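The structure appears below as structure tokens.
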Protein chains: 2
Amino acid sequence: MGLAKTEMFTDKQNQIAVFAKVFGHPARVAILQHLFKTDSCFCGNLVDEIGLAQPTISQHLKELKYLGLIKGNVEGTSVCYCIDKENWTAMKEVMSDFLDQDLPADDDCC
Amino acid sequence: MGLAKTEMFTDKQNQIAVFAKVFGHPARVAILQHLFKTDSCFCGNLVDEIGLAQPTISQHLKELKYLGLIKGNVEGTSVCYCIDKENWTAMKEVMSDFLDQDLPADDDCC
DNA sequence: ATAATTTATCGTAATATTGCGATAAACAAA
DNA sequence: TTTGTTTATCGCAATATTACGATAAATTAT
């Protein structure tokens, strides 16, 4: 069906999945890493840096922006993107809760 | 196209994306959380706990196992699953490198 | 006003994911 | 051996994602 039955999961579980999903494509990982490395940069630079077509990069940027992980600032004809620090920190909190769960003691079944 | 052009990204970027992708579905998040909570449990319990059909759960377990995040142990007719601690820790390392990047100073563009 | 530059959106083809019924496989119990 | 129990696999339908050419929109420069 290709459709996640989100209504049967907790808000937290869905939230983790939504964040994880956006990191589930190497282009978006590369975009974010580049924004971290350069502090901020224009859409066009990302098109050059990553080897995908401009509409494709624009689409990935849109998803990152929709989740609030990046912000875009219009400057003339170009748009400058950067990490949304506040939301990135909030996202990390959610993901850490999930990833840093206590590992069970050594008496498990496997 | 629905096909990520993995060859244009670094191994690290692809690795992050592959891990993130498996967390990109709430059912798999729920499965992992349940395994953490119960230390280990049978496939059937997961079918009861999460409200999806048995083949669907089996498929999600297969993906988690393929990435090495869980292990399965046959016990009679049932299979006992648990977190693979070593691989989970290795995965956390990879994800932390990405998530815990230094936030740029407050002089960004946006 | 016209042309150039940059980014966003639309439309669409190719591929991937999700969910589950049907069924097979593996084992235990009677 | 037959029956029940549990999990895995197959096959398929429905939906989602990815990529990009074409084009629109917005702005600047001439």
Side-chain angles (χ1 to χ4, degrees), chain A residues 1-9 13-14 17-31 35 40-67 70-82 109-110, chain B residues 1-9 13-14 17-31 35 40-67 70-82 109-110:
Chain A
M1 292 183 165
L3 174 62
K5 298 192 156 179
T6 55
E7 75 282 359
M8 63 203 315
F9 302 102
Q13 286 164 343
N14 283 314
V18 165
F19 280 132
K21 204 171 196 174
V22 88
F23 300 139
H25 194 291
R28 291 189 291 263
V29 171
I31 288 171
L35 290 180
S40 71
C41 87
F42 295 103
C43 172
N45 294 48
L46 288 164
V47 174
D48 297 339
E49 175 80 10
I50 303 165
L52 291 169
Q54 180 269 322
T56 308
I57 296 293
S58 197
Q59 195 171 311
H60 284 307
L61 286 168
K62 192 180 178 183
E63 290 176 66
L64 291 167
K65 202 173 163 195
Y66 177 74
L67 278 194
I70 64 174
K71 289 188 280 192
N73 209 34
V74 180
E75 294 187 17
T77 56
S78 30
V79 180
C80 185
Y81 282 99
C82 66
C109 75
C110 304
Chain B
M1 292 183 168
L3 173 62
K5 297 191 157 181
T6 56
E7 74 282 0
M8 62 205 314
F9 301 103
Q13 286 164 341
N14 283 315
V18 164
F19 281 132
K21 203 170 195 176
V22 88
F23 299 139
H25 194 292
R28 290 188 292 261
V29 171
I31 287 171
L35 289 181
S40 70
C41 86
F42 295 103
C43 173
N45 294 47
L46 289 164
V47 175
D48 297 340
E49 174 79 9
I50 303 166
L52 291 169
Q54 179 270 321
T56 307
I57 296 293
S58 196
Q59 195 171 310
H60 285 307
L61 287 169
K62 192 181 176 181
E63 290 175 66
L64 291 167
K65 202 174 163 195
Y66 177 74
L67 278 194
I70 64 173
K71 289 189 280 191
N73 210 33
V74 180
E75 294 187 16
T77 56
S78 29
V79 180
C80 184
Y81 283 99
C82 66
C109 76
C110 306

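Fair warning: this is a prediction, and the values are worked out from it, not measured in the lab.
The aromatic rings of B:H25 and B:H60 sit tilted relative to each other, their planes meeting at an angle between 30° and 60°.
Within the 4.0 angstrom heavy-atom criterion, only backbone atoms of the sugar-phosphate kind lie near A:L52; the bases stay farther away. Residue contacts for B:S78: at a heavy-atom cut-off of 4.0 Å it reaches the sugar-phosphate backbone alone, with no base atom in range. Within 4.0 Å of A:K65, counting heavy atoms only, lies no atom of the nucleic acid at all.
The 5' end of DNA chain C is approached more closely, in terms of each residue's nearest nucleotide, by B:H60 than by the other of B:P55 and B:H60. Between B:K21 and A:C43, the residue anchored closer to the 5' end of DNA chain C is A:C43, taking for each the nucleotide with the nearest heavy atom. Remark on DNA chain D: of its neighbouring residues B:V47 and A:T56, the 5'-side contact belongs to B:V47, judged by nearest-heavy-atom nucleotide. Both B:Q59 and A:A27 lie near DNA chain D, and the one whose nearest nucleotide falls closer to the 5' end is B:Q59.
Contact annotation: B:T77 side-chain N/O to C:dC27 OP1/OP2 distance is not under 4.0 Å. Listed pair B:Y81 / D:dA8 meets the phosphate criterion, a side-chain N or O lying under 4.0 Å from OP1 or OP2.
Rounded to the nearest 0.5 angstrom, A:R28 CZ and A:I57 CD1 are separated by 10.5 Å. Taken to the nearest 0.5 Å, the SG atom of A:C80 stands 10.5 Å off from the CD1 atom of A:I70.
When rounded to the nearest whole Å, the span between CD of B:E75 and P of C:dC27 equals 13 Å. Note: CG (A:N73) to P (D:dA26) measures 17 Å, nearest angstrom. Nucleotide C:dT6 holds its P atom 16 Å from the CG atom of A:L61, rounded to whole Å. Atoms CD1 (B:I57) and P (C:dG19) sit 9 Å apart, rounded to a whole Å. Distance A:F42 CZ to D:dA26 P: 20 Å, rounded to the nearest Å. Rounded to whole angstrom, the span from the CG atom of A:L46 across to the P atom of C:dT6 amounts to 14 Å. Taking atom CD of residue A:Q54 and atom P of nucleotide D:dA24, one finds them 15 Å apart after rounding to whole Å. Between the OH atom of B:Y66 and the P atom of C:dA16 there is a distance of 13 Å, given to the nearest Å.
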Apply side-chain contact (heavy atoms from CB on, under 4.5 Å) to the pair A:V18 and A:V22, showing each step before the final yes or no. CA-CA 7 Å; A:V18 165; A:V22 88; over 6 Å; no
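Within the 4.5 Å cutoff, no side-chain heavy atoms of A:F9 are placed close to those of B:V29.
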